[in-house]
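For reference, the structure is listed below as structure tokens.
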Amino acid sequence: MRLFSSRAVLIAVAALVPVLAQADGLYLKLAAEPDTVAEGQTVRLKLKAVSTRTVKLPATPELVVDGPSAAPLTPIVVRASAPTVTADKPTEGEWDVALPQPGRYRIRARYKVDGRTMESNRVTVEVGAPRSAKQ
């Protein structure tokens, strides 16, 4: 009897997994180029979105930042393809951002879609302090 109930639970879980995958279905991959900059330089963030279903994304993601400055980042659009992602057509976008202070920034892209919050991986960017002028 015990084997039967365990098998029933496994079958129920296996049936539920595709439903959960279909509910999420959106995957975000963020990259930063370069990952080390001098103060005052911009960093290009590249985001690729793939999905197992059709999803319409907002034009610009919210950028979540952990770092030395609490100021929100204002991305400047460099290139963005159509905001609709389908199973056979991923979408990509690029944004330049200025990081206001020297230090280590950890950045993620976030979209709110269909009442759910989807986040990308976290990228780390180092901003170097300005070099003092030789006297």
Side-chain angles (χ1 to χ4, degrees):
M1 186 62 125
R2 191 174 194 187
L3 179 62
F4 177 74
S5 62
S6 296
R7 185 173 288 160
V9 169
L10 286 174
I11 291 171
V13 169
L16 184 60
V17 168
V19 173
L20 292 175
Q22 184 179 15
D24 288 340
L26 178 65
Y27 304 95
L28 304 172
K29 175 69 175 165
L30 186 65
E33 293 179 2
D35 59 1
T36 303
V37 295
E39 185 177 20
Q41 291 183 327
T42 60
V43 174
R44 180 154 299 172
L45 299 176
K46 295 182 177 188
L47 182 67
K48 182 174 185 176
V50 296
S51 181
T52 59
R53 60 188 175 92
T54 300
V55 178
K56 183 165 173 68
L57 299 174
T60 303
E62 175 187 354
L63 298 177
V64 181
V65 182
D66 300 324
S69 172
L73 296 180
T74 304
I76 300 166
V77 176
V78 174
R79 180 183 63 84
S81 57
T84 301
V85 184
T86 63
D88 62 339
K89 185 179 175 199
T91 188
E92 297 178 357
E94 295 181 15
W95 296 269
D96 283 347
V97 294
L99 302 172
Q101 297 176 0
R104 176 177 288 166
Y105 291 82
R106 288 167 293 287
I107 306 167
R108 291 173 285 157
R110 176 185 292 165
Y111 283 111
K112 292 187 180 177
V113 178
D114 299 333
R116 301 186 79 159
T117 300
M118 304 301 212
E119 290 188 346
S120 71
N121 58 303
R122 184 176 298 159
V123 294
T124 302
V125 178
E126 292 281 340
V127 177
R131 295 182 181 186
S132 60
K134 292 185 179 181
Q135 298 185 11

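All values reported here derive from a predicted model rather than from experimental measurement. These values consider heavy atoms only, across backbone and side chains, with no hydrogens, waters or symmetry-generated copies.
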Measure the [atom1]-[atom2] distance between [X] and [Y] for me, rounded to the nearest 0.5 Å.
X	Y	atom1	atom2	answer
L26	D114	CG	CG	9.5 Å
T86	R53	OG1	CZ	12.0 Å
R104	T36	CZ	OG1	9.5 Å
T84	K89	OG1	NZ	8.5 Å
E119	R110	CD	CZ	4.0 Å

So which heavy atom on [X] is nearest to which on [Y], and how close?
X	Y	value
L28	A49	CD2-CB, 3.6 Å
A32	V43	CB-CG1, 4.0 Å
P102	E39	CD-OE2, 3.5 Å

With the threshold set at 4.0 Å, does a side-chain nitrogen-carboxylate oxygen contact exist between E94 and R79?
yes
Only residue of V85, T52, N121 satisfying side chain to side chain contact (heavy atoms under 4.5 Å, CB included) with Y27 is T52
Can you check whether [X] reaches [Y] side chain to side chain, under 4.5 Å on heavy atoms?
X	Y	result
V113	L57	yes
Y105	L63	no
L30	L45	yes
M118	V55	no
I107	L99	yes
R108	D66	yes

Is the backbone of G25 close enough, under 3.5 Å, to the side chain of S51 for a donor and an acceptor to pair up by distance?
yes
Same cluster for V127 and V64 if Ile/Leu/Val/Met/Phe/Trp/Tyr side chains link at under 4.5 Å?
no
